2 protein chains.
Amino acid sequence: MIKQSVQHTEASCKKARLAIQDTLDVVGGKWKLVLITVLRDGKRKFNELSRDAGISPRILSKELQELETNGLVHRTVCNTKPVTVEYSLTDYSETLSEVIVAMHKWGMAHRDKIISGH
Amino acid sequence: MIKQSVQHTEASCKKARLAIQDTLDVVGGKWKLVLITVLRDGKRKFNELSRDAGISPRILSKELQELETNGLVHRTVCNTKPVTVEYSLTDYSETLSEVIVAMHKWGMAHRDKIISGH
DNA sequence: GATAGTAGTTACATAAATGTTACTATATGA
DNA sequence: TCATATAGTAACATTTATGTAACTACTATC
């Protein structure tokens, strides 16, 4: 294996940090990735999400709006007796797969490491 | 390609969410991944990190302690004229590679998407 | 002895995130 | 008319994260 000589300017480093901060802005915080994980299992109604994720309506509403703004979640109003609203993942949210899988794997492995006592 | 029938209990979903929250606990927030990214470029002294990452000593100190606790960063006191302290990544921090690379890639792509107007 | 550099810490202040409770609006059926 | 269900929103409280400024302890050099 040959060690690549990577272009490594101060600017490129700054960009890397920005990219990571961008990702954290969109998907960081306590709930965003949790909601996405739940929705990967299938669409949910507002109250279902609230129950399934254990998140209060106020925060849920805010988080869903932000996810919608970033094109990750789609909101559908249904013509039901009392109006229901279904939230589902967009196709674009698929682009987050790698991130989610990587974080899932790492979280499991790290927990094992901690439990086994380093 | 065959669609796998994945074991998909409520418990396994809850675990997935926990794993992701674990990862966010260790590596989320405004600075942790930024510091790791900087340190991937090589070890730094305390003040260098403060300057390079644009983070105040108080927060830097706290973040470094947490990273050390989680086995991601190593702290070395050097026998220099005024004592200096070098911070570097541990071997264990390598396990975060996938997460970091995935977040880096996604952040860049998402920024491009936003700039190009969806 | 005074000054300056390194690595922090302390006390204080502010900002951001999250939580709790109660409420609105709409509609259905008892 | 009253109770119930859905999807939120509003007002308020609390907790957590982050920032700022000044300070300590140690040592070397002027």
Side-chain angles (χ1 to χ4, degrees), chain A residues 17-18 20-39 42-70 72-89 103, chain B residues 17-18 20-39 42-70 72-89 103:
Chain A
R17 274 172 267 152
L18 273 181
I20 286 175
Q21 286 187 314
D22 284 347
T23 303
L24 282 174
D25 283 349
V26 176
V27 118
K30 195 171 177 181
W31 295 114
K32 302 254 167 57
L33 280 179
V34 171
L35 288 174
I36 290 175
T37 305
V38 171
L39 287 174
K43 61 188 178 186
R44 305 285 159 112
K45 294 173 196 158
F46 187 86
N47 284 341
E48 285 175 345
L49 265 181
S50 181
R51 277 191 294 272
D52 288 358
I55 178 175
S56 69
R58 195 182 85 84
I59 307 294
L60 179 57
S61 175
K62 199 202 61 173
E63 302 283 283
L64 285 171
Q65 277 169 25
E66 288 170 8
L67 288 171
E68 208 188 341
T69 297
N70 279 298
L72 296 169
V73 157
H74 186 241
R75 179 178 180 274
T76 318
V77 179
C78 305
N79 249 339
T80 48
K81 320 146 191 208
V83 155
T84 54
V85 179
E86 279 176 358
Y87 289 94
S88 55
L89 294 181
M103 291 183 70
Chain B
R17 274 172 265 151
L18 273 181
I20 285 177
Q21 285 187 314
D22 284 347
T23 303
L24 282 174
D25 282 349
V26 175
V27 116
K30 196 170 174 181
W31 294 115
K32 301 252 167 58
L33 280 178
V34 170
L35 288 174
I36 290 175
T37 305
V38 170
L39 286 175
K43 61 188 178 188
R44 305 286 160 110
K45 294 173 196 158
F46 186 86
N47 284 340
E48 286 175 343
L49 264 181
S50 181
R51 276 190 295 272
D52 289 357
I55 178 175
S56 69
R58 194 182 85 84
I59 307 295
L60 179 57
S61 175
K62 197 202 60 171
E63 301 283 286
L64 286 171
Q65 277 169 26
E66 290 170 7
L67 288 171
E68 209 188 340
T69 296
N70 279 299
L72 296 169
V73 157
H74 187 239
R75 178 177 180 276
T76 319
V77 179
C78 305
N79 250 337
T80 49
K81 319 146 190 206
V83 155
T84 53
V85 179
E86 279 176 358
Y87 290 92
S88 55
L89 294 182
M103 290 183 71

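Given the structure is predicted, the values throughout are model-derived calculations rather than measurements. Here is how names work: the chains are called A, B, and so on, in the same order as the sequence lines, proteins then strands, and each is numbered from 1.
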Completion exercise
Applying side chain to side chain contact (heavy atoms under 4.5 Å, CB included) to Glu66(B) and not counting sequence neighbours gives Lys32(B), Lys62(B), Glu63(B)
Practice task
Can you sort out the partners of Pro57(A) under side chain to side chain contact (heavy atoms under 4.5 Å, CB included), two or more places apart, ordered by chain and number?
Solution key: Phe46(A), Ser50(A)
Handout entry: Euclidean distance, atom NZ of residue Lys32(A) to atom P of dA16(C) [Å, nearest integer]
Key = 14 Å
Exercise for the section: Pick base, sugar-phosphate or nothing for Glu86(A), based on heavy-atom distances below 4.0 Å to the nucleic acid. Expected result: nothing
Handout entry: N/O (side chain, Arg44(B)) to phosphate O (OP1/OP2, dA7(C)) under 4.0 Å
Key = no
Completion exercise
side-chain hydrogen bond (donor to acceptor under 3.5 Å, both in side chains) filter on Thr80(B), not counting sequence neighbours, yields Thr84(B)
Practice task
Look at Gln65(B) and dT9(C) and indicate whether a side-chain polar atom (N or O) is within less than 4.0 Å of OP1 or OP2.
Solution key: yes
Handout entry: Letter per nucleotide, 5' to 3', of nucleotides 17-27 of chain D [B base touched, S only sugar-phosphate touched, - untouched; heavy atoms, 4.0 Å]
Key = -BBB------S
Problem - Tyr87(A) side-chain N/O to dT6(D) phosphate OP1/OP2 under 4.0 Å - result: no
Exercise for the section: Could you pull out all residues at least two apart from Asp22(A) that satisfy side chain to side chain contact (heavy atoms under 4.5 Å, CB included)? Expected result: Arg111(B)
Problem - Those residues that, when tested against Lys45(B), pass side-chain hydrogen bond (donor to acceptor under 3.5 Å, both in side chains) (two or more places apart) - result: none
Problem - Selection residues 72-88 of chain B - residue pairs positive for salt bridge (charged side-chain N to carboxylate O under 4.0 Å, His left out), sequence neighbours left out - result: Lys43(B)-Glu86(B)
Exercise for the section: Output the residues of residues 45-52 of chain B in contact with DNA chain C, where contact means a heavy atom of the residue under 4.0 Å from an atom of the strand; sort by number or write none. Expected result: Lys45(B), Phe46(B), Asn47(B)
Completion exercise
Contacts of Arg17(B) meeting side-chain hydrogen bond (donor to acceptor under 3.5 Å, both in side chains) (sequence neighbours excluded), chain-then-number -> none
Exercise for the section: Give a yes/no answer on whether the side chain of Ser61(A) brings an N or O atom under 4.0 Å of OP1 or OP2 in dT9(D). Expected result: yes
